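Report on the following structure.
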There are 2 protein chains.
Amino acid sequence: MPSIRTVAALAGVSTATVSNVLNARRSVAPDLVARVQSAVAELGYIADLGASRLRSRRSTVVGVVVPDIANPFFGTLVAALEDAARRDGYDLLVVSSGEDPALETARLRTLLTWRPAGLIVAPCDDRLAGRALVQAAGVPMVCADRVPADPAFDVVTVDNRTIAAEVGRHLVATGRRRILIAAANLAIGNNRDRCAGVRDTAEPAGATVEIIEVGVRLAESRARLTRRLTFGPVPDALFTLNNVGTVAALSALAEVRLAVPEDLALVGFDDAEWMRAVSPPLSTVHQPLEQMARAAWGRLMARIGGDTSPPHHLRLACRLDSRASSAPARRLALAHWH
Amino acid sequence: MPSIRTVAALAGVSTATVSNVLNARRSVAPDLVARVQSAVAELGYIADLGASRLRSRRSTVVGVVVPDIANPFFGTLVAALEDAARRDGYDLLVVSSGEDPALETARLRTLLTWRPAGLIVAPCDDRLAGRALVQAAGVPMVCADRVPADPAFDVVTVDNRTIAAEVGRHLVATGRRRILIAAANLAIGNNRDRCAGVRDTAEPAGATVEIIEVGVRLAESRARLTRRLTFGPVPDALFTLNNVGTVAALSALAEVRLAVPEDLALVGFDDAEWMRAVSPPLSTVHQPLEQMARAAWGRLMARIGGDTSPPHHLRLACRLDSRASSAPARRLALAHWH
DNA sequence: ATGAAAGCGCTAACAA
DNA sequence: TTGTTAGCGCTTTCAT
């Protein structure tokens, strides 16, 4: 591949001038600009950003860590981040932690190896074991979705407790009294807050709230939920705390032959297009993912730009999309779902 | 951050020795190894892979281009690629083309800027406009999922025509005669092959096959499908050629009040967990994504390793998971779905 | 087995 | 305004 020297030689200028033309840093005479540009075009020259970063000490790559890029929740988050990054001239190095804290730390170390300008991390638990590594490297980091226990970093998340309280209110208002919450993993603060929110409104209204931890994997969640529904008392409402749990719930409910919403109401945290397309359409808590991505990106850009203000802690509002899966059981036989 | 010189100074050795210890290239005396290692630990030294690549001319980053990382199909593909990459000590620079050929080319150019060891691309159409760029750069490229018209590169895809023929056979065998195919975009060879496959088996059996192009976006697909189902003759089978189309179909069918499978059978290309969890479970063509990722990665590693054999063209077999959404209409009133 | 020195491609001082 | 030179952090000769 041609280097900046090849271009300089062909254009009959110095490498500094080529650099200045390409980066528009210093003003260059119009005829030299033209000569450089045609040399670039003729050679198909593409600058080496690695070398550029090395010398200029300005990095244009940002590392992103998510628990699982195959999960559409994180896929959508990453897509929105990429959009923001592209606008600002950054590229994204994306890694998955597989919901494993040890792997998360290892992946963070790998990312630091590329000298990113910053990091955006959706931690796999509240501990965020790799935090020390990042702090030692002095690389700005913004946490998204999940909140590390001691947020010494900027954090962008949602108002879990408030929206879960609304779910509790909704379930009670539609006549449900025995609420089962399927939480993936209570080591995640989000999930504890969501449970607390439901309790806030459901218990004072006389409903019972039971919580089971079903794990982060689909197969395991389905199995635990099936077991619980087979052997325990049957609830009249089920609230799943993430999209994997919602799929697990649908499978488990079909397996034990419980009808939604006749036998029990189903509400899921995390929204997806298919959830409103199926019958019955599923009631969901919609998280503002694009907004979360933009906010996280904005904070990171601010930090990269030298902002040293105390950590920002942003909580975005969710929206409860109440659909047929949590309609009152008694009215349902007659109602149309669409 | 400490550099290799900081480590060398602390360990009392030369930078060459530090490099040799860290990369295990030349043999180093045990005591020096120990001193280097403790210096590394003490300083929290993390090597700069950009500088390393610059000097050694060995890149450990691979660029990945997908139409949309938020689409679980590509999310899963990328997750599988990341897994393979990590095992081989590579990192992934992932970009989305947004199903836009111009953006695809721009993103490819951006990737080349990082001097990747190779590229894995799921093109957004058969033209793959950026191919010239990649060839000029001399960077090995493997295409996955979609096949460029003139495959001068290694390609890993699925046997679309064969599995679509099986879908046609299945629909005919279960009593369907008026098949509607909802193709996203016929500029994608995959979709043309899938249509041809259905025709291969359905038309000789006396069924009619109609094809409509619904576009790659959900809202548009839903609208076009609704319009077609409202104003055209009602088919008794619908085959959607990707996961977005399947969601669009569910919405459209609910909107026009057609019941699956009583009024028509529904079969979707692309599988997802939720498709087997909903009622009725959806019949789907399952693509071997993990296998596709492993094969693409394997080809890329071979090319990076110097393999100059003629382009490989791999077609993997899909599996039709026939579920209740394409059960024979007449038997259905009595059948259990699960 | 180890170190000194050169140089990967680029940009930032500094000189002219 | 332009060119010359040094050097970012690393690896690789080449010498010892």
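Throughout, protein chains are lettered first and strands after them, A, B, ... in sequence-line order, and every chain is numbered starting at 1. No experiment lies behind these values; they were computed from the predicted model shown. We use all heavy atoms of the structure for the numbers below, so side chains are in, but hydrogens, waters and symmetry mates are not.
Atom C1' of nucleotide dA1(C) and atom CZ of Arg25(B) are separated by 16 Å, given to the nearest angstrom. Summarising the geometry, the separation between CG on Leu22(A) and P on dC10(C) is reported as 9 Å, rounded to the nearest angstrom.
Residues Asp83(B) and Trp297(B) have side chains that never bring a donor and an acceptor to within less than 3.5 angstrom of each other.
Look at Asp48(B) and Arg53(A) and you find a salt bridge, because one of the NZ, NE, NH1 or NH2 atoms lies within 4.0 Å of a carboxylate O, short of that distance. Salt-bridge check for Arg146(A) with Glu99(A): passed, with a basic side-chain N closer than 4.0 Å to an acidic carboxylate O.
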Contacts under 3.5 angstrom, residues 64-75 of chain B side chains, donor-acceptor by atom type, not counting sequence neighbours:
residue, atom, partner, partner atom, Å
Asp68(B), OD1, Ala70(B), N, 3.0
Asn71(B), OD1, Phe73(B), N, 2.8
Asn71(B), OD1, Asn243(B), ND2, 2.8
Asn71(B), ND2, Asn243(B), OD1, 3.4

Readout for nucleotides 3-10 of chain D: B = base within 4.0 Å of protein heavy atom, S = sugar-phosphate only, - = neither; 5' to 3' it is BB-BBBBB
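Residues that satisfy the ring-ring contact (aromatic ring centres under 6.0 Å, His included) test with Trp114(A), not counting sequence neighbours, are absent from this structure.
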